[in-house]
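Below is one structure; the comments refer to it alone.
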2 protein chains.
Amino acid sequence: MSRRPRADARRNHDRLLAEADAVFREQGTGASLEGIARRADVAVGTLYGHFPNRRALVGAVLRERNEALFDAGEALAGKAPEEALRQWVDLVVSHAATYRGLAELLADGIDDEASELHASCTRMADIGEQIVSRAIEAGTVRPDVTAADVFTLMNAGAWTREHASAEQAARLVSYTIDGLLVSDRSPQGAV
Amino acid sequence: MSRRPRADARRNHDRLLAEADAVFREQGTGASLEGIARRADVAVGTLYGHFPNRRALVGAVLRERNEALFDAGEALAGKAPEEALRQWVDLVVSHAATYRGLAELLADGIDDEASELHASCTRMADIGEQIVSRAIEAGTVRPDVTAADVFTLMNAGAWTREHASAEQAARLVSYTIDGLLVSDRSPQGAV
DNA sequence: ACCTGAACACCGTTCAAGT
DNA sequence: ACCTGAACACCGTTCAAGT
């Protein structure tokens, strides 16, 4: 419970966050931490003092963006099930494509409780779970579809954006969601 | 056209390939090249003499495996379109999941003519293209599906295998292929 | 309470010198 | 014709010493 950080500590903290955001945007989450410290005019040890590892720094940089994402996700509760699902997946794909390498951190973070990103991953998966179970109850989505399927799809979509294009990723995601829906060739979603 | 490599050169070449395969299997394609040279009892410079960069080494290690894959792909020409598509995607997903990091090299290799893996990527995409166009003509797959969609799906599936599980990857791939098929909600595939 | 920067262990890549 | 290993430039991470 540190209450009043020293003025220089607070300043270093903020500079590190700002430079980390810029550098991750340019070079991805694998960028040199020494480089970030240099750009923030701070010694490496200071960076480690504030953020014990790379994931902690990535998590800190994403904090506000995460809140906005979760709020947007919960605002989808009113929409029609298929629309809500499509929009939620699109939102998270865009989010996870903010920095190159983030999709990988998120995909690994859901299964690693020690990860600083684990809480956000869980939150994302939970929102997806709600949307999916609602869609299944409505008979829109196949009853065997899981929250894990949706979480995986989001990360795979973001990864595709990094390694192909946003258009290609959108196509993959769209086709996959089509495949999740109840149709003539899939089991019916009676509850 | 070097015809008769010196005996020690050939021996070093083979040892490097064998150790590279083992190390990539354990640690992924991002493993230390110095470590591979060490395990092969060879100086680093020797490794670079035989393989100018990491991709060249990965490509060399995959050479035989690639041939088997392509042969298996062409053998699918006789199968029913949907079966051929599903089996081809499964084959490549398994192949691309041989080493952690390979899916990324393949996804990047298709657009990079300088990559030592570019030829294999093109070959994979071509086989996929044949299978898809046959499936579209048969009215099994939606007419707007492209070879790029299938190539992307294969890489995304392999990446998912690395970062989730083989089961989860198989589910994602299966749902996506369902979405590629002609159904009541998708445009009909009349030619 | 926080910052600094040297220290350690590691890496990719090159290239002069050897055989 | 090929191999060696030192050299260079870089990195993640720690921690004694400072203020």
Side-chain angles (χ1 to χ4, degrees), chain A residues 1-20 22-24 26-61 99-101 104-105 108 112 114-117, chain B residues 1-20 22-24 26-61 99-101 104-105 108 112 114-117:
Chain A
M1 293 267 135
S2 60
R3 298 291 269 82
R4 268 199 177 247
R6 236 165 60 178
D8 57 342
R10 171 141 187 71
R11 188 161 154 282
N12 287 337
H13 180 94
D14 292 349
R15 296 187 69 148
L16 282 166
L17 279 184
E19 293 304 328
V23 171
F24 287 154
E26 290 164 22
Q27 310 175 26
T29 58
S32 159
L33 299 183
E34 275 193 335
I36 292 173
R38 245 190 328 265
R39 276 182 55 158
D41 266 313
V42 145
V44 227
T46 302
L47 186 151
Y48 280 89
H50 286 275
F51 311 100
N53 58 50
R54 168 169 262 114
R55 284 191 317 248
L57 182 53
V58 172
V61 162
Y99 312 129
R100 240 176 318 131
E104 183 167 349
L105 291 177
D108 294 346
D112 178 7
S115 168
E116 287 77 4
L117 300 173
Chain B
M1 292 266 135
S2 60
R3 299 290 270 81
R4 267 199 177 249
R6 238 165 58 177
D8 57 341
R10 170 142 187 69
R11 189 161 152 284
N12 287 337
H13 181 95
D14 292 349
R15 295 187 69 149
L16 282 166
L17 279 185
E19 293 304 329
V23 172
F24 287 154
E26 291 164 20
Q27 310 175 27
T29 57
S32 158
L33 299 182
E34 275 192 335
I36 291 173
R38 246 192 323 266
R39 275 182 56 157
D41 265 314
V42 144
V44 227
T46 302
L47 185 152
Y48 279 89
H50 286 274
F51 310 101
N53 57 52
R54 169 170 261 117
R55 284 191 316 248
L57 182 54
V58 173
V61 162
Y99 310 130
R100 239 175 319 132
E104 182 167 350
L105 290 177
D108 294 346
D112 178 7
S115 169
E116 287 76 4
L117 301 173

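Basis for what follows: all heavy atoms, side chains included, without hydrogens, waters or symmetry-related copies. Letters A, B, ... are given to chains in the order of the sequence lines, protein chains preceding strands, and every chain is numbered from 1.
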For D:dC2, the Watson-Crick or wobble counterpart (both distances under 3.5 Å): C:dG18

Closest to side chain of A:R6, choosing from C:dA6, C:dA1, D:dA6: C:dA1

B:L105 vs B:Y99, side-chain contact (heavy atoms from CB on, under 4.5 Å): CA-CA, chis, key distance, verdict: CA-CA 10 Å; B:L105 290 177; B:Y99 310 130; over 6 Å; no

Less than 4.5 Å apart, any side-chain heavy atom of B:R15 and any of B:V42? no

Can you list the steps and then say if B:T29 with B:R55 is a side-chain contact (heavy atoms from CB on, under 4.5 Å)? CA-CA 9 Å; B:T29 57; B:R55 284 191 316 248; over 6 Å; no

With a non-hydrogen cut-off below 4.0 angstrom, is A:N53 in contact with a base, only sugar-phosphate, or nothing? nothing

Nearest-nucleotide wise, let me know which of A:G45 and A:L33 is further upstream toward the 5' end of DNA chain D. A:L33

Answer with base, sugar-phosphate or nothing: what part of the nucleic acid does B:H13 contact at a heavy-atom distance below 4.0 Å? nothing

Expressed as a whole number of angstroms, how long is the span from A:L47:CG to D:dG12:P? 9 Å

Give the minimum heavy-atom separation between B:G59 and B:L117, together with the two atoms involved. CA-CD2, 3.5 Å

A:H50 side-chain N/O to C:dC2 phosphate OP1/OP2 under 4.0 Å: no

Any A:S32 side-chain N or O less than 4.0 Å from OP1/OP2 of D:dC10: no

Kindly give the heavy-atom pair with the smallest separation between B:Q27 and B:A31, and that separation in Å. OE1-CB, 3.7 Å

Under 4.0 Å, heavy atoms only, any strand: does A:R11 hit a base, just the sugar-phosphate, or nothing? nothing

Whole Å only: how far is the CZ atom of A:F51 from the P atom of D:dT13? 15 Å

So what's C:dA9 paired with, Watson-Crick or G-U wobble, going by both distances under 3.5 Å? none

Taking CG from B:L16 and P from D:dT4, how many angstroms apart are they, rounded to a whole number? 10 Å

D:dT13 C1' sits how many Å from A:L57 CG, rounded? 15 Å

For the pair made of CG in A:D41 and C1' in C:dC2, what is the distance, rounded to whole Å? 17 Å

Quickly work out the A:E34 CD to D:dC10 P distance and round it to whole Å. 10 Å

Contact between B:L47 and B:R38 at the side-chain level, heavy atoms closer than 4.5 Å - yes or no? no

Give one of base, sugar-phosphate or nothing for A:T46, where a contact means two heavy atoms less than 4.0 Å apart. base

Taking only N and O in the side chain of B:N12, is any of them less than 4.0 Å away from OP1 or OP2 of D:dC2? no

Under 4.0 Å, counting only non-hydrogen atoms across every strand here, what does A:R38 touch: a base, just sugar-phosphate, or nothing? sugar-phosphate

Separation of B:Y48 atom OH from D:dG5 atom P, in whole Å? 17 Å

A:I36 CD1 to D:dG12 P: how many Å, rounded? 8 Å

Selected nucleotide, minimal atom distance to A:A9 side chain, candidates C:dT13, C:dA1, C:dC3: C:dC3

